[in-house]
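Counting starts at 1 for both ligands and their atoms, in listed order. Positions are given from 1 along the sequence.
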Amino acid sequence: MSVETIASQPFQDQKPGTSGLRKKVKVFEKPHYLENFVQSIFDTQDGYQNAPLVVGGDGRYYNRQAIQKILRIAAANGCGRVLLGQGGIFSTPAVSHMIRKHNACGGIILSASHNPGGPDEDFGIKFNTPNGGPAAEKVTEAIYTATLHINRYRVLDTPDIDLDQIGTTQVGDMQVEIVDSVRDYADLMEQLFDFERIRALFQSGFRMRFDAMHAVTGPYAREILEQRLGAPAGTVVNGVPLEDFGHGHPDPNLVYAKELADHLFGPDAPDFGAASDGDGDRNMVLGRHFFVTPSDSLAVILANADLAPGYRSRVTGVARSMPTSQAADRVAAKLGLNCYETPTGWKFFGNLLDAGKITLCGEESFGTGSDHVREKDGLWAVLFWLNILAERRQSVAEIVREHWRSYGRNYYTRHDYEAVDSTAANGLIDALRAACATLPGQPLGSYTVDYADDFRYLDPIDDSVSEKQGIRIGFKDGSRIVYRLSGTGTEGATLRIYIEAYEADPAKHDLDTQQALAELIGIADSLAGIRKRTGRNEPTVIT
Ligand code: VG1
Ligand code: CO
């Protein structure tokens with residue numbers, strides 16, 4: 001068993017996006033590709049000699065091969081100890097918890113999250129820092145710079161290890177401790193929520209369906225919902241993680257989790273439905289015949305936080321990503337809590353959480369979370385809702401409607417144009433950016449532009465600045481249109497358009513969202529020239 005130094009050359013495309021490095025599996029399979037990126041992590045980070053490194057992934061195709069490679073590189077670079085999820089499996093929030101619980105030097109997460117998996121689909125790798133959160137931009141920049149200069153990587157010449165056997169294995173001088181992927185995470189949930197109350201809810205005949213979409217949360221949901229909370233067997237569906245997610249698109253929204261949505265809107269609908277994504281950090285929440293937007297979900301959780309034991313009387317504030325609706329802001333204002341607007345991506349919440357400025361945070365993209373870890377957390381959000389339902393004993397629809405009556409309703413939609421020609425997409429954003437200077441004061445239909453800019457974030461904790469985070473067009477009545485390009489796609493560009501309007505009048509709270517926003521949707525199209533520039537007549541996905 002010896003350390004080998006393998007000569008290598010840089011790849012030009014290893015810049016992490018919104019959430020790590022995501023590429024087609026075929027790209028990751030290129031000789032030296034994964035190795036270069038992993039070596040660049042070891043070349044730029046420290047602490048791994050003395051503190052453990054957490055490793056795990058969502059179980060998608062190439063997870064196991066990637067883990068064997070990472071273990072060889074880690075051992076060759078002097079890493080002392082790795083904590084590995086059994087079978088190479090960890091959900092993203094579970095990794096975050098393990099890092100924090102074991103004072104780890106960080107973690108490597110293998111996932112392309114909501115992107116499809118399989119030999120012709122996507123893979124990804126992400127580095128998390130000792131606070132448990134996705135590396136901040138200065139860290140990902142350092143890793144990226146290292147990938148541009150790399151000329152060698154180190155590997156220990158050693159056979160594959162058995163990933164499935166719980167216990168400790170030696171890889172050279174490095175210890176690999178294979179641990180139960182679920183237990184610690186489930187224990188954490190039990191500390192935050194009133195499991196007894198939720199158990200009583202299930203005993204009273206409350207019915208739920210959780211769709212794990214053949215992704216990583218299946219084992220977590222079964223343990224927590226069916227074992228510890230006593231929900232009937234079969235509450236969790238599609239609960240076996242598969243390498244290709246059963247040919248599905250593990251993205252919990254009304255389009256890709258259609259089976260669940262149809263069930264919740266069907267004749268024998270249960271009281272509550274939920275789903276999560278490939279790596280378990282996203283959530284979708286549904287009531288009987290009722291869909292809760294992620295932006296509303298964050299606002300409702302914030303308004304009801306005192307009902308959960310782990311949050312009672314200790315919420316300091318909330319943050320939301322810029323394109324997320326302003327529903328949570330209204331709750332924060334009423335409760336006198338801090339409220340922050342950050343760029344898209346969970347890494348921007350880390351500093352605020354670490355500093356105690358916020359307790360809860362969320363994104364419109366089906367992401368909700370809190371200071372219990374430093375990632376968004378799908379099952380956590382589902383349990384928060386169950387805790388609220390167990391206390392209030394009202395339906396999901398009643399709770400949300402009551403919320404709108406108190407705070408008003410923020411109608412909200414996102415229109416995605418996927419796999420658009422990159423040059424056309426960049427041209428569209430450039431043209432909008434150029435128009436920002438002259439838009440304020442202009443009437444557009446029945447709206448008047450209040451401000452228009454390219455969002456720039458000044459982190460209040462470390463003063464770092466992130467530019468060009470999306471074009472915001474704000475109107476005098478508080479409505480908004482936001483345009484940005486995705487940083488997680490692997491094919492061409494994905495244009496995202498976020499549209500929001502506020503409605504205070506309860507008599508107008510039951511409109512169809514697309515109809516309520518129809519005029520703004522039209523304005524968003526004509527202002528950006530979407531049809532003309534992209535050749536598309538309609539969005540690929542509407543959420
Ligand atoms: C998307 C979402 C963003 C989320 C990111 C990672 O990014 O919009 O809100 O944080 O995915 O989520 P983008 O750049 O494609 O818009 V996950 O569950 O894919 O790790
Ligand atoms: Co995810």
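A side-chain donor-acceptor contact under 3.5 Å links S40 to the backbone of N36.
Counting protein heavy atoms only, atom 7 (O) of ligand 1 is closest to T488 CG2, 3.5 Å. For atom 17 (V) of ligand 1, the nearest non-hydrogen atom of the protein is S113 OG, 2.7 Å. At the shortest separation from atom 2 (C) of ligand 1 among protein heavy atoms lies S365 OG, 3.5 Å.
Proximity annotation for atom 11 (O) of ligand 1: of R496, R414, R282, R282 comes nearest, heavy atoms only. Of the candidates K376, H114, E364, K376 brings a heavy atom nearest to atom 12 (O) of ligand 1.
Note: an N/O pair closer than 3.5 Å links G487 and ligand 1 by distance alone.
Under 4.0 Å from ligand 1, the heavy atoms of D277 that appear belong solely to its side chain.
Around the Co ion (ligand 2), the angle linking D281 (OD1) with D277 (OD2) is 90°, rounded to 10 degrees.
Judged purely by distance below 3.5 Å, without hydrogens or angles, the side chains of W385 and S297 pair a donor atom with an acceptor atom.
No more than 12 heavy atoms of other residues, nucleotides or ligands sit less than 6.0 Å from atom NZ of K357.
Checked against the Co ion (ligand 2), the N, O or S atom of D279 at the shortest distance is OD1.
For S113, the nearest N, O or S atom to the Co ion (ligand 2) falls under 2.8 Å.
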